[in-house]
Peer 1: 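Take this structure, written in structure tokens, and hold onto it; I'll ask about it next.
These numbers come from a predicted model, not from an experiment. The residues of the chain are indexed from 1 along the displayed sequence.
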Amino acid sequence: MPALLKGALVTLQLTGAALLLATPLGVVLALLRSAPSATVRGTVAGLSWIFRGIPPLLLLFFSFFGLPILGLTLDPMAAAILAMTAYTSFYFAEAFASGLRSVPPGQWQAAAALGLSPGRTLIRIILPQTIPAALPPYISHATEVLKGTALAAAVAVPELTSAARKVFVVNYRPLEVLIVAAAIYAVMDGLLVVLQIMGERWSARRRGRG
């Protein structure tokens with residue numbers, strides 16, 4: 001059990017790091033999706049198509065085995081965080097872009113007419129309206145990130161799935177070990193589901209007031 005809990009802690013660290021990095025990247029990519037330049041919009045759309053179309057396991061192998069050939073060697077944890085961040089940020093961008101589209105474009109012009117800078121307009125007017133619409137799909141993708149951390153076992157990150165495999169290889173009791181590991185995943189996923197329900201209710205209240 002201690003080994004499984006230690007693996008669960010690594011799973012949470014990997015999930016937290018990927019979410020921490022992918023969230024602001026997703027916001028930036030969503031803003032670039034609506035940039036005035038067609039070249040910028042097309043580049044971001046193309047990258048989104050590529051990264052969302054590549055299996056995350058392939059991105060993980062590229063981060064761990066491919067980057068050293070290009071002169072950048074990462075340890076297994078860093079490679080896993082990089083791969084999951086690259087994959088997840090484009091899904092988050094879709095969620096935030098959907099939220100941005102729910103804000104009437106005239107609000108940008110209205111804020112500019114009042115003398116607000118684009119940065120203040122974004123933080124004080126646009127994002128508070130974007131977040132309620134983006135939150136449900138954001139948390140839904142976050143649960144996928146949690147379960148996707150199991151792929152990191154392929155490059156020897158000692159997360160929960162990897163820990164479970166090591167334990168049942170030693171004690172020859174795979175059924176019991178896998179059931180316990182599944183229960184731990186269920187608990188962690190349940191916490192995100194609770195957050196999702198709370199987020200959806202908050203979003204519904206915000207929209208109701210709007």
Side-chain angles (χ1 to χ4, degrees), residues 12-54 56 59 63 72 74 77-78 80-146 148-149 188 191-210:
L12 289 175
Q13 291 172 337
L14 181 53
T15 302
L19 294 181
L20 192 64
L21 294 172
T23 298
L25 275 175
V27 173
V28 171
L29 289 170
L31 291 171
L32 292 176
R33 286 286 301 272
S34 57
S37 169
T39 302
V40 173
R41 293 198 306 272
T43 300
V44 174
L47 289 173
S48 177
W49 176 71
I50 292 171
F51 277 88
R52 290 191 298 133
I54 296 175
L59 283 175
S63 297
L72 178 61
L74 300 174
M77 187 70 170
I81 290 172
L82 176 62
M84 296 193 67
T85 299
Y87 182 75
T88 306
S89 60
F90 285 97
Y91 278 97
F92 283 173
E94 292 297 320
F96 290 128
S98 175
L100 285 171
R101 285 193 292 271
S102 69
V103 180
Q107 296 199 17
W108 285 97
Q109 289 87 352
L114 293 173
L116 291 178
S117 66
R120 292 185 67 186
T121 302
L122 177 67
I123 294 173
R124 299 184 60 179
I125 297 176
I126 303 301
L127 285 182
Q129 299 178 75
T130 299
I131 291 173
L135 193 58
Y138 172 87
I139 297 180
S140 178
H141 287 311
T143 61
E144 294 301 319
V145 173
L146 173 66
T149 57
M188 293 189 292
L191 294 175
L192 287 175
V193 170
V194 170
L195 286 177
Q196 182 176 7
I197 293 172
M198 293 172 63
E200 288 175 349
R201 290 179 176 173
W202 178 76
S203 175
R205 287 197 299 270
R206 294 275 303 188
R207 287 174 172 171
R209 285 199 294 267

Peer 1: So which atom in Met188 and which in Leu12 form the shortest heavy-atom distance, rounded to 0.1 Å?
Peer 2: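 Taking Met188 first and Leu12 second, the nearest heavy atoms are SD-CD2, 3.5 Å.
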Peer 1: What distance separates Leu195 CG from Ile139 CD1, expressed to the nearest 0.5 Å?
Peer 2: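 Between Leu195 CG and Ile139 CD1, I get 5.5 Å after rounding to 0.5 Å.
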Peer 1: Given side chains that start at C-beta, do those of Tyr138 and Phe92 come closer than 4.5 Å, heavy atoms only?
Peer 2: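 Side-chain contact under 4.5 Å: yes.
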Peer 1: Any sub-3.5 Å donor-acceptor pair from Arg41's side-chain atoms to Ser34's backbone N or O?
Peer 2: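 Side chain of Arg41 to backbone of Ser34, a donor-acceptor pair under 3.5 Å: no, none is there.
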Peer 1: Can I get a per-line list of side-chain donor-acceptor pairs under 3.5 Å for residues 113-122, giving both atom names and the distance, sequence neighbours left out?
Peer 2:
residue : atom : partner : partner atom : Å
Ser117  : OG   : Arg120  : N            : 3.2
Thr121  : OG1  : Ser117  : O            : 2.8

Peer 1: Which heavy atom in His141 sits nearest to a heavy atom in Tyr91, and how many Å separate them?
Peer 2: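 The answer is CE1-CD2, 3.5 Å.
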Peer 1: What are the two closest non-hydrogen atoms of Ile81 and Ala17, and how far apart are they?
Peer 2: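 In terms of heavy atoms, the two residues are closest at CD1-CB, 3.7 Å.
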Peer 1: Does Leu20 offer a backbone N or O that forms a donor-acceptor pair with the side chain of Thr23 under 3.5 Å?
Peer 2: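 Not confirmed, Thr23 side chain does not pair with Leu20 backbone.
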Peer 1: Which atoms form the tightest heavy-atom contact between Ala134 and Ala95, and what is the distance?
Peer 2: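 That closest heavy-atom pairing would be CB-O, 3.5 Å.
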Peer 1: Roughly how far, to the nearest 0.5 Å, is CE of Met84 from CG of Leu59?
Peer 2: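 The distance works out to 10.5 Å.
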Peer 1: Can you tell me if Ser98 uses its side chain to pair, donor with acceptor, with the backbone of Glu94 under 3.5 Å?
Peer 2: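 Such a contact is absent between Ser98 side chain and Glu94 backbone.
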Peer 1: Locate the shortest heavy-atom distance separating Ser63 from Leu74; write the atom from each residue and the value.
Peer 2: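 Ser63 and Leu74 have their closest heavy atoms at O-CD1, 4.3 Å.
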Peer 1: Are the side chains of Tyr87 and Val145 in touch, meaning some heavy atoms are under 4.5 Å apart?
Peer 2: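 Result no, sub-4.5 Å side-chain heavy-atom pair not found.
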Peer 1: Can you tell if the side chain of Leu21 reaches within under 4.5 Å of the side chain of Ser89, non-hydrogen atoms only?
Peer 2: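 Leu21 vs Ser89: side chains apart.
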Peer 1: Atom CG of Leu192 and atom CD of Glu144: how far apart are they, to the nearest 0.5 Å?
Peer 2: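 Going from the CG atom of Leu192 to the CD atom of Glu144 covers 10.5 Å.
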Peer 1: Looking at every non-hydrogen atom in both residues, tell me the closest pair between Ala93 and Ala30 and how far apart they are.
Peer 2: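 Looks like O-CB, 3.6 Å.
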Peer 1: Is the side chain of Ser48 donor-acceptor paired with the backbone N or O of Val44 at a distance under 3.5 Å, no angle test?
Peer 2: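 Judged by distance alone, no pair lies under 3.5 Å.
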Peer 1: Please check: side-chain N/O of Thr88 versus main-chain N/O of Thr85, any donor-acceptor pairing under 3.5 Å?
Peer 2: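 A pair under 3.5 Å: no.
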